[in-house]
Protein chains: 2
Amino acid sequence: MLRLSTKGQYGVRAMFEIARGISRGPTTIKEISERQDVSVAYLEQILNTLRKAGLISSVRGPGGGYVLSRSPEKISIGAILRELEGPVAITSCLDPREGCLRVDGCVTHLLWKALGENIESFLDDMTLKDLLEGNDLMATQRRGRRQPEKIRMLHKS
Amino acid sequence: MLRLSTKGQYGVRAMFEIARGISRGPTTIKEISERQDVSVAYLEQILNTLRKAGLISSVRGPGGGYVLSRSPEKISIGAILRELEGPVAITSCLDPREGCLRVDGCVTHLLWKALGENIESFLDDMTLKDLLEGNDLMATQRRGRRQPEKIRMLHKS
DNA sequence: TAATAGCCGAGTAATTCTGTCAAGTATTAG
DNA sequence: CTAATACTTGACAGAATTACTCGGCTATTA
Ligand code: FES
Ligand code: FES
């Protein structure tokens, strides 16, 4: 229950790759494809959506690729997913693009609403920076280094 | 993003109706159908699943219907949804029935896992009793009565 | 000017969702 | 006993969504 589509998942992983490549300049679709095991054609579609949303910008021609429009800590996972999958809406009744007639007097409405807000604040609080730190953590694990706070909390839970 | 299927939603609403009818004895499919606007045929499918799962039991013949197997505070929304929609699994990688080969070294794995656990604890903490109290709350609103705690918290959030 | 790299719209196969339908079985009132 | 009530079961089908692929185009630069 409550699956995320592959589009959303791949989107987050692609954004992570672009974020990770910051120091090397633009990251190409091909590189992302190889590192994350997603086809080039599918990534084109996904990255195009994210570019139109203003989360990344593209550089054409040789040496080109994609770069983040803002710094990693300013791009939340929620922002990425919203562009690719629309707003968090546990039920169609809660989707601003749809709506419901029976809202008043519906016992479950508040329940789904609260759950949705819970999920959304989680996703909006987590950013690409946290993912980068989580990756560092994995790379340096078992070496006694200091662990980034938010990810360590994830690890515990 | 992250939609709940209608099956799960209807299932929760049906369980609420059965819980609400406790004092009157078994609740028939037809009654649930009328009160919750869901077809009898579809409810048959849903309630059968819930019965096989042991959440409700059925009484056949005239005067029959469905009753809860346990008291409302012992039936969580999570338990209902798990039967109808399978385990919470944001990604296929987290579904115990599927799994993933790239788990080690996957940056997003911990993220989805933590989100899933967050959702699950929310759903497991909320019970039919809370829905019943929420319903009372709606019915008595604007009359200055005392409001049940958990639902009032929902209302605030 | 050729190679690189992103841009764009359409289309399609597979899967999942959202139900319906028909033919049963069990129980009870009369 | 029998008729009415109500749940039981399995199959099936249309609609919607997902998860992609494909072909051709445009911009940039060495
Ligand atoms: S049916 Fe739409 S809010 Fe409950
Ligand atoms: S790809 Fe399966 S856990 Fe990340």
Side-chain angles (χ1 to χ4, degrees), chain A residues 1-11 13-14 17-18 21 24-34 36-53 55-67 69 81 84-86 89-92 95 97-98, chain B residues 1-11 13-14 17-18 21 24-34 36-53 55-67 69 81 84-86 89-92 95 97-98:
Chain A
M1 87 172 105
L2 290 171
R3 281 277 168 91
L4 215 52
S5 75
T6 59
K7 213 161 178 169
Q9 295 175 52
Y10 295 167
R13 279 157 59 188
E17 283 300 333
I18 298 171
R24 288 190 303 276
T27 306
T28 68
I29 288 186
K30 204 178 165 214
E31 288 168 331
I32 299 172
S33 168
E34 286 163 358
Q36 291 292 334
D37 274 321
V38 181
S39 83
V40 168
Y42 201 13
L43 279 172
E44 279 177 351
Q45 208 184 104
I46 293 169
L47 293 177
N48 226 276
T49 304
L50 295 175
R51 181 183 54 84
K52 283 176 184 161
L55 294 177
I56 51 180
S57 47
S58 58
V59 182
R60 289 163 89 134
Y66 292 92
V67 290
S69 299
L81 293 179
L84 294 169
E85 305 201 26
I90 308 299
T91 69
S92 62
D95 195 321
R97 299 163 302 188
E98 306 188 44
Chain B
M1 93 172 99
L2 289 171
R3 280 276 168 92
L4 215 52
S5 77
T6 59
K7 213 161 179 168
Q9 293 175 52
Y10 296 166
R13 280 157 56 188
E17 282 301 332
I18 298 170
R24 287 190 302 277
T27 305
T28 67
I29 288 186
K30 204 180 163 210
E31 288 168 331
I32 299 173
S33 167
E34 286 163 357
Q36 291 291 335
D37 274 321
V38 181
S39 83
V40 168
Y42 201 13
L43 280 171
E44 279 174 349
Q45 207 183 105
I46 294 169
L47 293 177
N48 223 274
T49 303
L50 295 174
R51 181 182 53 86
K52 284 176 183 161
L55 294 176
I56 51 181
S57 47
S58 59
V59 182
R60 290 163 87 133
Y66 291 92
V67 291
S69 299
L81 293 179
L84 295 169
E85 305 201 26
I90 308 300
T91 68
S92 62
D95 194 320
R97 299 164 302 186
E98 305 189 45

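Reminder, nothing fancy here: chain letters follow the sequence lines and each chain counts from 1.
- Distance NZ (B:Lys30) to P (D:dA4): 15 Å, rounded to an integer number of Å.
- For A:Gln45 against D:dT21, a side-chain N or O and a base N or O form a donor-acceptor pair under 3.5 Å.
- The nearest whole Å value for the distance from the CG atom in A:Leu2 to the C1' atom in D:dT18 is 17 Å.
- You'll find that the side chain of A:Glu44 is closest to C:dC8, out of C:dT25, C:dA3, C:dC8.
- Between the side chain of A:Glu85 and the main chain of A:Ser5, a donor-acceptor pair closer than 3.5 Å is present.
- In terms of modelled atom types and a separation under 3.5 Å, the side chain of A:Glu17 and the main chain of A:Glu31 share no donor-acceptor contact.
- In this structure, CG of B:Asp37 is placed 17 Å from P of C:dT18, rounded to the nearest angstrom.
- For B:Lys52, the side-chain atoms get nearest to D:dT9 when compared with the rest of D:dT9, C:dG19, C:dC8.
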Does the side chain to side chain contact (heavy atoms under 4.5 Å, CB included) test come out yes or no for A:Ile18 and A:Leu47, once each step is laid out? CA-CA 11 Å; A:Ile18 298 171; A:Leu47 293 177; 4.1 Å; yes
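- Nucleotide C:dT4 holds its P atom 14 Å from the CD atom of A:Glu31, rounded to whole Å.
- Side-chain atoms of A:Ala41 lie closest to D:dC22 of the nucleotides C:dC7, C:dG19, D:dC22.
- Here D:dA16 presents its P atom at 14 Å from CZ of B:Arg3, a figure rounded to the nearest Å.
- Nucleotide D:dT17 holds its C1' atom 14 Å from the CG atom of A:Asp95, rounded to whole Å.
- You'll find that the side chain of A:Thr6 is closest to D:dA19, out of D:dT8, C:dT18, D:dA19.
- Looking at A:Ser58, its side chain never comes within 3.5 Å of a backbone N or O of A:Tyr66 through a donor-acceptor pair.
- Between A:Thr28 and C:dT4 there is no side-chain polar atom (N or O) within less than 4.0 angstrom of OP1 or OP2.
- Across the protein-nucleic acid pair, B:Leu43 atom CG and D:dA6 atom C1' stand 14 Å apart, rounded to whole Å.
- Once rounded to the nearest 0.5 Å, the distance linking CG of B:Asn48 with CG of B:Leu43 reads 11.5 Å.
- Between A:Tyr10 and the phosphate of D:dC20, there is a side-chain N or O to OP1/OP2 separation shorter than 4.0 Å.
- Between the side chain of B:Arg60 and the base of C:dT25, a donor-acceptor pair under 3.5 Å is found.
- When each of A:Gly61 and A:Asn48 is assigned the nucleotide of DNA chain C with its nearest heavy atom, A:Gly61 is the one assigned upstream, toward the 5' end.
- Interatomic distance, CG of A:Leu4 versus CD1 of B:Ile90, reported as 6.5 Å (0.5 Å rounding).
- Taking 4.0 angstrom as the limit, B:Ser58 places a side-chain polar atom (N or O) nearer than this to OP1 or OP2 of D:dT8.
- Distances were taken from every side-chain heavy atom of B:Arg51 (C-beta onward) to each of C:dG6, D:dA19, D:dT9; the shortest belongs to D:dT9.
- Residue contacts for B:Ile29: at a heavy-atom cut-off of 4.0 Å it reaches the sugar-phosphate backbone alone, with no base atom in range.
- Here the side chain of A:Pro62 is nearest to one of C:dA3, D:dT8, C:dC7, namely C:dA3.
- Considering only side-chain atoms of A:Tyr66, the nucleotide from D:dA19, D:dT8, C:dC7 that sits closest is C:dC7.
- Spacing between atom CG of A:Leu50 and atom C1' of C:dG6 amounts to 14 Å, rounded to whole angstrom units.
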